[in-house]
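Here's the structure we're looking at; comments come further down.
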Amino acid sequence: MSTIIELAVSDVRFPTSRDLDGSDAMNPDPDYSAAYVVLRTDAGDGLEGHGLTFTIGRGTEVVVAAVDALRPLLVGRSVEGIEADLGGFWRDLVGDSQLRWIGPEKGAIHLATAAVVNAVWDLVAKRAGVPVWKLLSGMAPAEIVGLVDFRYMTDALTPDEALELLEQAVPGRAEREAELVRDGYPAYTTSVGWLGYDDDKIRRLCREALADGWTRFKMKVGADVDDDVRRIRIIRDEIGPERMLAVDANQRWDVGTAIDWMARLAPFDPYWIEEPTSPDDILGHAAIARAVAPIRVATGEHVHNRIMFKQFLAAEALSVCQIDACRLGGVNEVVAVLLLAAKFGVPVCPHAGGVGLCELVQHLSAFDYIAVSGRLDGRMIEYVDHLHEHFVDPVVVRDGRYRLPTMPGYSAEMRPDSLATYTFPNGDAWR
């Protein structure tokens with residue numbers, strides 16, 4: 001038997017604001033950051049669990065404090081006990097009778113939950129000797145159902161319905177896995193369209209992306225409508241009329257503004273409008289979706305739990321479901337949302353525009369295709385081309401497709417020298 005004996009958490013920040021990487025209408029100067037968790041055991045095998053939750057600078061210390069608050073719920077637990085009941089472990093973590101008061105299942109405490117849960121899954125997959133995507137895809141349907149907390153969901157999806165969905169996907173699992181290993185998972189790039197980039201840089205990045213095989217693109221919008229029209233014209237001129245181009249407002253608009261703004265951008269054939277208004281405004285998203293159709297509405301990056309996703313889907317307020325590996329409460333809750341999306345027939349396109357997110361969500365999309373939805377139509381993963389060099393198992397993208405990771409774990413482990421340099425406030429990058 002082995003026991004978790006230590007939970008270490010660090011505030012890791014990268015000064016991306018200096019080059020305006022990641023800049024958008026709501027967040028003009030982000031420093032891509034993470035509350036970074038390491039779990040250690042007494043097993044003597046050298047295996048550690050690494051997990052993170054994404055932040056953008058100030059406030060990371062709040063999430064770090066929330067991780068500290070979760071420590072007593074994890075340190076001292078049997079690893080084998082967690083492995084035997086991963087669903088029960090998740091319910092214990094989010095169901096503490098006192099900590100629930102500062103959530104429940106939302107805000108800083110839920111971001112901290114994601115970091116801890118992601119670290120647990122990294123450890124469990126390393127102990128099994130496989131990547132997380134393969135660990136999940138190899139589970140029996142009943143085991144997958146057991147990962148999910150169905151509280152507040154059964155009016156939209158029952159355990160029996162989830163089991164039926166998963167059993168229907170069992171035939172063809174091996175073929176779909178072989179397809180992903182051979183061809184990779186479809187992706188789109190956001191790296192060409194950050195709001196702070198000048199026109200020459202946008203043109204250069206578009207041409208470089210085309211040369212690298214990209215066919216799907218996304219740009220940031222929402223600060224100035226005339227500026228957006230000019231910028232979308234530049235990108236459309238560079239990539240041509242046949243390639244996908246999505247736009248992302250990062251929650252900037254009121255409902256009426258979103259509808260009017262998208263009327264100005266509609267002639268450039270945007271594939272979707274992402275986060276057009278407050279991430280909590282389900283009725284507002286539904287109104288926008290009706291008004292801007294056939295342009296799709298995509299959201300989910302700031303949707304904080306499975307219950308909110310249930311309502312978005314039931315209200316037909318989104319037509320592209322954007323899970324986030326760190327906004328939701330880690331792997332277990334992502335599985336719940338993947339099942340909900342499959343029930344409603346909505347494609348899942350994960351948000352990955354942040355440090356470590358590309359590394360994590362590739363596992364989740366691979367699992368979705370292999371064992372849940374069994375579909376690739378309308379599905380793609382976001383890709384942002386920076387900060388991957390700080391990871392032991394960095395994401396690999398070729399010809400606009402994610403290549404499945406093969407190292408055991410969740411691809412979340414950062415390099416020791418990167419941690420030493422970018423830990424805030426005493427790392428060399430910040431002193």
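Keep in mind that the numbers below use all heavy atoms, side chains included, and drop hydrogens, waters and symmetry copies.
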Taking atom CD of Glu143 as the centre, does the number of heavy atoms from other residues, nucleotides or ligands within less than 6.0 Å exceed 12? yes
Could you tell me whether the side chains of Lys106 and Asn305 share a donor-acceptor contact shorter than 3.5 Å? no
Got a donor-acceptor contact below 3.5 angstrom from the Asp198 side chain to the Lys201 backbone? yes
Taking all non-hydrogen atoms of both residues into account, name the closest pair between Leu52 and Val355 and its distance. CD1-O, 3.9 Å
Do His304 and Arg327 meet the criterion of a side-chain donor-acceptor pair at a distance under 3.5 Å? no
Where do Tyr402 and Ala352 come nearest, in terms of heavy atoms and distance? OH-CB, 4.3 Å
Is there a donor-acceptor contact under 3.5 Å from the side chain of Arg91 to the main chain of Val148? yes
Got a donor-acceptor contact below 3.5 angstrom from the Arg207 side chain to the Ile202 backbone? no
Which heavy-atom pair separates Asp68 from Pro72 by the least distance, and what is that distance? O-CD, 3.8 Å
Cut-off 3.5 Å, side chains only: do Asp324 and His351 have a donor facing an acceptor? yes
Which atom names give the shortest non-hydrogen contact between Ala315 and Ile282, and what distance separates them? CB-CG2, 3.9 Å
Counting distance only, does the side-chain N/O of Thr154 pair as donor-acceptor with the main-chain N or O of Leu157 below 3.5 Å? no
Tell me whether the rings of His388 and Tyr383 are parallel (<30°), tilted (30 to 60°) or perpendicular (>60°). parallel
Check for a donor-acceptor pair, side chain of Thr60 on one end and backbone N or O of Thr55 on the other, with a separation under 3.5 Å. no
From CA spacing to verdict: salt bridge (Lys or Arg N to Asp or Glu O under 4.0 Å), Lys310, Asp155: CA-CA 9 Å; Lys310 177 194 75 172; Asp155 55 326; 3.1 Å; yes
Dump the intermediate steps for side-chain contact (heavy atoms from CB on, under 4.5 Å) on Arg100 and Ile109, then the final yes or no. CA-CA 9 Å; Arg100 274 187 62 80; Ile109 194 67; over 6 Å; no
How many angstroms lie between CG in Leu205 and OG1 in Thr189, if you round to the nearest 0.5 Å? 8.5 Å
Are there more than 12 heavy atoms of other residues, nucleotides or ligands under 6.0 Å from atom CZ of Arg58? no
Within 45° cone and under 6.0 Å: Arg77 NZ/CZ vs Trp90 ring: no
Determine, for Arg415 against Asp417, whether the closest basic-nitrogen to carboxylate-oxygen distance falls under 4.0 angstrom. no
One thing to verify: whether Glu177 and Arg173 come together as a salt bridge, which I'm taking to mean a side-chain N less than 4.0 angstrom from a carboxylate O. no
CG of Leu318 to CD of Glu275: how many Å apart, nearest 0.5 Å? 11.5 Å
Is it true that, when you exclude Ile102 itself, more than 12 heavy atoms of the residues, nucleotides or ligands shown sit nearer than 6.0 Å to its CD1? yes
Let me see the working for Asn118 and Cys326 under side-chain contact (heavy atoms from CB on, under 4.5 Å), right down to the final yes or no. CA-CA 8 Å; Asn118 289 340; Cys326 300; 4.0 Å; yes
Minimal non-hydrogen separation, Thr277 against Gly284, with atom names: CG2-C, 4.5 Å
Among side-chain atoms of Glu359 and Tyr410, is any donor-acceptor pair under 3.5 angstrom? no
Take Arg176 and Ser137, measure what side-chain contact (heavy atoms from CB on, under 4.5 Å) needs, and give me the verdict at the end. CA-CA 11 Å; Arg176 290 191 291 273; Ser137 301; over 6 Å; no
Any donor and acceptor pair, going by atom type alone, linking the side chain of Asp42 with main-chain N or O of Thr3 inside 3.5 Å? yes
Backbone N or O of Asp149 within a donor-acceptor pair of the Arg306 side chain at under 3.5 Å? yes
Gap separating the CZ atom of Arg252 from the CG atom of Leu195, nearest 0.5 angstrom: 8.5 Å
Does the plane of the ring in His390 sit parallel, tilted or perpendicular to the ring in Tyr422? Use 30° and 60° as the thresholds. perpendicular
Would you kindly say whether Asp428 and Thr421 are connected by a side-chain donor-acceptor distance under 3.5 Å? no
Is there a donor-acceptor pair under 3.5 Å between the side chain of Asp19 and the backbone N or O of Asp21? no
Going by atom types only, do Gln251 and Ser278 share a side-chain donor-acceptor pair under 3.5 Å? no
Considering all heavy atoms, the nearest Pro186-Leu376 contact: CD-CD2, 4.2 Å
So, are Glu413 and Lys126 salt-bridged, with charged N and O less than 4.0 Å apart? yes
In Å and rounded to the nearest 0.5 Å, what is the CG to CD distance from Leu39 to Glu6? 9.0 Å
Quick one: does Met244's side chain get under 4.5 Å of Tyr188's, heavy atoms only? yes
Cation-pi geometry met for Arg13 and Tyr32 (6.0 Å, 45°): no
Tell me if a side-chain donor or acceptor on Lys218 pairs with a main-chain N or O of Gly193 at a distance below 3.5 Å. no
Determine whether the side chains of Ser2 and Glu80 contain a donor N or O and an acceptor N or O closer than 3.5 Å. yes
To the nearest 0.5 Å, how far apart are CG in Leu163 and OG1 in Thr158? 9.0 Å
Side chains of Trp121 and Asn332: donor-acceptor distance under 3.5 Å anywhere? yes
We want to know whether His50 and Tyr36 form a side-chain donor-acceptor pair, criterion being a heavy-atom distance below 3.5 angstrom. yes
Cut-off 3.5 Å, side chains only: do Asp393 and Ser411 have a donor facing an acceptor? yes
Electrostatic pair Arg151:Glu105 at N-O distance under 4.0 angstrom: yes
